[in-house]
Amino acid sequence: MNRLWKEFSKGLWKDLPPFKVVLGLCPVLAVTKTADNGLGMGMAVIFVLTMSNILVSIFRKIIPPKVRIACFIVIAASLVVAVELLMQAFAYPLYQQLGIFVPLIVVNCIILGRAEAFASKNPILLAAADGLGMGMGFTISLTLLGGLREFLGYGTLFGSQVMAASYKPFAFMVEAPGAFVCLGLLLSAMNIFTSWHARRKGQAVLDNPAHECRTCGICSR
């Protein structure tokens, strides 16, 4: 049980995508004009990532090593098609808002990275916990960024007016450059908090925390 919690919880903070390991930034920057969009994309990623991890773990012993990447992509692509069909049937307005970024979940580096670095080497329950934790962390990140941009850019949150009628929206925040600015502000805030928390506990502060990334296992090779 402790191992399950450890694998689940690391995606909520220690290896939080995209703020800790800075992966999967394409949808983070492109679809987070509103909190609704961020939450919708995050839910789709949770489903694909969790199910992908489970299926990769189930078939890990019979997938030939030489074609494992292709097999991982086929599994992810099949799940993304299922997500697309479900969104078209039950959440078509959201599907229209997310557009091309729903099918692009297939090539999201978090999906392939977790399949390669973790699911292909661990049993089903651990792979499911890893995928669910990473997916929930990704969803929280997108919703937070989308909520911040929507709040500043429209004066609303989840489509509901939260600012006074006299509020003049900061339209820059819902444009493409605003996504980079908001992401940078959130990354800075998290780095400052992480450094402060480490110093408070008397731990060493890494100059480059990215060296500790174990999401895909590629940068450390």
Under the side-chain contact (heavy atoms from CB on, under 4.5 Å) test, which residues partner K66, sequence neighbours left out?
-> none
Would you mind listing every ring-ring contact (aromatic ring centres under 6.0 Å, His included) that reaches into residues 170-190, with sequence neighbours excluded?
-> F170-F172
Nearest heavy-atom approach of L29 to R149 is O-NH1, 3.5 Å
Residues pairing under salt bridge (Lys or Arg N to Asp or Glu O under 4.0 Å) where one sits in residues 123-145, two or more places apart or in two chains, turn out to be K10-D130, R114-D130
Side-chain donor-acceptor pair present, T194, K20, cut-off under 3.5 Å = yes
Which atom of L23 lies closest to which atom of P18, heavy atoms considered = O-CB, 3.3 Å
In one Ile/Leu/Val/Met/Phe/Trp/Tyr side-chain cluster, 4.5 Å: Y154, Y167 = no
Between V106 and I111, is a side-chain contact (heavy atoms from CB on, under 4.5 Å) present by the stated rule, with each step listed?
-> CA-CA 7 Å; V106 175; I111 307 295; over 6 Å; no
For the hydrophobic clusters of this structure (ILVMFWY residues joined by side-chain heavy atoms under 4.5 Å, transitively), does one cluster hold both V174 and F101?
-> no
Linking I/L/V/M/F/W/Y whenever any side-chain heavy atoms sit under 4.5 Å apart, do I100 and V102 land together?
-> yes
Hey, does D15 have a side-chain heavy atom less than 4.5 Å from the side chain of M134?
-> yes
Should N108 and L112 count as side-chain neighbours, where that means a heavy-atom distance under 4.5 Å?
-> no
Residue pair N53 / A115: nearest heavy atoms and the distance that separates them = OD1-N, 3.9 Å
Under the side-chain contact (heavy atoms from CB on, under 4.5 Å) criterion, do T143 and T139 qualify, and how do the steps go?
-> CA-CA 6 Å; T143 306; T139 301; 4.0 Å; yes
Could you pull out all residues at least two apart from T156 that satisfy side-chain hydrogen bond (donor to acceptor under 3.5 Å, both in side chains)?
-> E150
Take atom CE of M43 as the centre, draw a 6.0 Å sphere, and report whether it contains more than 12 heavy atoms from other residues, nucleotides or ligands.
-> no
Does the side chain of I46 reach to within under 4.5 Å of the side chain of F138, using non-hydrogen atoms?
-> no
With sequence neighbours left out, write down each residue that passes ring pair (Phe, Tyr, Trp, His ring centres under 6.0 Å) with F151, or none if nothing qualifies.
-> none
Do K33 and E175 meet the salt-bridge criterion of a basic N to acidic O distance under 4.0 Å?
-> no
Please list every donor-acceptor pair under 3.5 Å in which a side-chain atom of residues 77-93 meets a protein atom from a residue at least two apart or in another chain.
unit_1	atom_1	unit_2	atom_2	d
S78	OG	V74	O	2.9
E84	OE2	Y95	OH	3.1
Q88	NE2	Y95	OH	3.1

Indicate yes or no: at least one non-hydrogen side-chain atom of N37 is less than 4.5 angstrom from one of L94.
-> yes
Considering residues at least two apart in sequence or located in another chain, which fulfil the side-chain hydrogen bond (donor to acceptor under 3.5 Å, both in side chains) criterion with S57?
-> R60
With sequence neighbours left out, what residues match L185 under side-chain contact (heavy atoms from CB on, under 4.5 Å)?
-> V181
Can you name the residues that form a side-chain hydrogen bond (donor to acceptor under 3.5 Å, both in side chains) with S141, not counting sequence neighbours?
-> none
Where do M190 and L16 land on the side-chain contact (heavy atoms from CB on, under 4.5 Å) test, with the steps shown first?
-> CA-CA 11 Å; M190 293 195 70; L16 175 66; 3.6 Å; yes
Donor-acceptor contact below 3.5 Å, side chain R200 vs main chain H197 | no
Shared hydrophobic cluster for F19 and L39 (ILVMFWY, side-chain gaps under 4.5 Å) | yes
Excluding sequence neighbours, so at least two apart, what forms side-chain contact (heavy atoms from CB on, under 4.5 Å) with L126?
-> R3, L4, E7, F118, N122, P123
Can you find a pair of side-chain heavy atoms, one from M41 and one from I105, that are under 4.5 Å apart?
-> yes
Residue pairs passing the salt bridge (Lys or Arg N to Asp or Glu O under 4.0 Å) test with at least one member in residues 92-104, sequence neighbours excluded, are none
Is there a side-chain contact between I58 and I124, using heavy atoms and a 4.5 Å cut-off?
-> yes
Kindly give the heavy-atom pair with the smallest separation between M173 and C182, and that separation in Å.
-> SD-SG, 3.3 Å
Full working for ring-ring contact (aromatic ring centres under 6.0 Å, His included) between F193 and W13 | CA-CA 12 Å; F193 176 81; W13 182 258; 5.7 Å; yes
Any idea which heavy atoms bring G38 and L142 closest together, and the distance?
-> O-CB, 3.5 Å
Residues forming a side-chain contact (heavy atoms from CB on, under 4.5 Å) with F59, sequence neighbours excluded | L55, I62, I63
Heavy-atom closest contact (G135 atom, L49 atom, distance) = N-CD2, 3.6 Å
